[in-house]
Amino acid sequence: MGYRFSRQASLASFSPYFLLYGRDPDLPTSIRRESSEVVNLDDPNMWVRVCSQRVELFRRVMPAVFENLAIAQHRDTLRYATIRGGDYRPSIRRFHVGDYVYLQQTAPTTLDVTVERTILRVREVLPSGVLMLEGRDGVVWKDHVRNCAPCHLPNVDGTMDPSLAIVRAGLRCMLCGSAGQASRMLVYDRCSRGWHMSCLTPPIDVIPAGRWVCPRCTSEG
């Protein structure tokens, strides 16, 4: 407060705090007003006067500062006891069919975001709190609402394009048993089975438009 927060004539009227962090110190209005004077450290009379004013300022405000700090510490103690005691329950957000969400992820560091960049659409909300999510490629999977964050972007393109689907490595065709030609394999999202388009009866040359059901699930009704 005596040196770093003081605006100094030798520093072009900036404070050392501003030069270090690129912003003014976060102070209450009354304290900011009393410490806004530009001081000249080469003038010993001015420096003595400024130091005397700061001492009086500290004597007046520090009791309230320590009282607020004690209140904050007490609240942190209660919050920690609640979390460790098992009584803490995080709020669960309610999602609806058609909402867009991000999937939560564990951030490697505090500088990283906790959500993935992929945007998914809620296809179904199960009573257990699990969401059936679908991407633009039409692939569907499940995740709990605790792992989802709402997406409020107004320009999300909801057009479905099954050609964007990526077949997972090593997935074998149910008919020929080969894991090759992944670009020519259809995967039904309900059973996650793979089918080469050339192995189907009759063979398919292009990716079907709309909803496609695999032969096994068709025979099972």
Report whether Phe66 and Ile71 are members of the same hydrophobic cluster (ILVMFWY, side-chain heavy atoms less than 4.5 Å apart, transitive linking).
->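 Shared cluster, no.
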
Using the side-chain contact (heavy atoms from CB on, under 4.5 Å) rule, take Cys148 and Tyr102 through it: C-alpha gap first, then chi angles, then the decisive distance, then the call.
-> CA-CA 6 Å; Cys148 298; Tyr102 298 103; over 6 Å; no

Under 3.5 Å donor-acceptor, [X] side chain and [Y] backbone:
X: Thr218; Y: Cys214; answer: yes
X: Arg7; Y: Val38; answer: no
X: Asp99; Y: His96; answer: yes
X: Ser178; Y: Gly180; answer: yes

Atom [atom1] in [X], atom [atom2] in [Y]: separation rounded to 0.5 Å?
X: Gln73; Y: Leu78; atom1: CD; atom2: CG; result: 12.0 Å
X: Arg193; Y: Leu175; atom1: CZ; atom2: CG; result: 11.5 Å
X: Lys142; Y: Ser128; atom1: NZ; atom2: OG; result: 8.0 Å
X: Arg123; Y: Glu134; atom1: CZ; atom2: CD; result: 5.0 Å
X: Arg184; Y: Cys199; atom1: CZ; atom2: SG; result: 10.5 Å
X: Leu103; Y: Asn147; atom1: CG; atom2: CG; result: 7.5 Å

Is there a side-chain contact between [X] and [Y] (heavy atoms, below 4.5 Å)?
X: Met197; Y: Pro203; answer: no
X: Arg216; Y: Met174; answer: yes
X: Asp143; Y: Val130; answer: no
X: Trp195; Y: Pro215; answer: yes

Heavy atoms only: give me the nearest [X]-[Y] pair and the separation to one decimal.
X: Val101; Y: Leu133; result: CG2-CD2, 3.9 Å
X: Pro63; Y: Phe58; result: CD-O, 4.3 Å
X: Arg54; Y: Ser6; result: NH1-OG, 3.0 Å

Can we say Arg49 and Glu37 salt-bridge, meaning some charged N sits less than 4.0 Å from an Asp/Glu carboxylate O?
->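 Glu37 and Arg49: salt-bridged.
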
Answer yes or no: does atom CD of Glu220 have more than 12 heavy-atom neighbours from other residues, nucleotides or ligands under 6.0 Å?
->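 Enclosed: over 12 neighbouring heavy atoms sit under 6.0 Å from CD of Glu220.
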
Apply the test side-chain contact (heavy atoms from CB on, under 4.5 Å) to residues Ile204 and Leu186: give CA-CA distance (whole Å), side-chain angles for both, the deciding distance (0.1 Å), then the verdict.
-> CA-CA 10 Å; Ile204 299 177; Leu186 298 177; 4.3 Å; yes

Hydrophobic cluster of Phe18, others only, ordered by chain and residue number, side-chain cut-off 4.5 Å =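 Leu11, Phe14, Leu19, listed by chain and number.
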
Quick one: list whatever passes ring pair (Phe, Tyr, Trp, His ring centres under 6.0 Å) with Tyr17, sequence neighbours left out.
->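 Ring pair (Phe, Tyr, Trp, His ring centres under 6.0 Å) list for Tyr17, sorted by chain: Phe5, Tyr21.
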
Let me check something: any side-chain donor-acceptor pairs from residues 151-160 under 3.5 Å, sequence neighbours excluded? List them with distances.
from: Asp157; atom 1: OD1; to: Thr159; atom 2: N; distance (Å): 3.1
from: Asp157; atom 1: OD1; to: Thr159; atom 2: OG1; distance (Å): 2.8
from: Asp157; atom 1: OD2; to: Arg136; atom 2: NH2; distance (Å): 3.1

Go through the steps to decide whether Cys176 and His196 satisfy the test side-chain contact (heavy atoms from CB on, under 4.5 Å), and finish with yes or no.
-> CA-CA 8 Å; Cys176 70; His196 284 134; 3.3 Å; yes

Step-by-step side-chain contact (heavy atoms from CB on, under 4.5 Å) determination, Arg4 to Leu20 | CA-CA 9 Å; Arg4 283 196 174 183; Leu20 280 171; 3.8 Å; yes

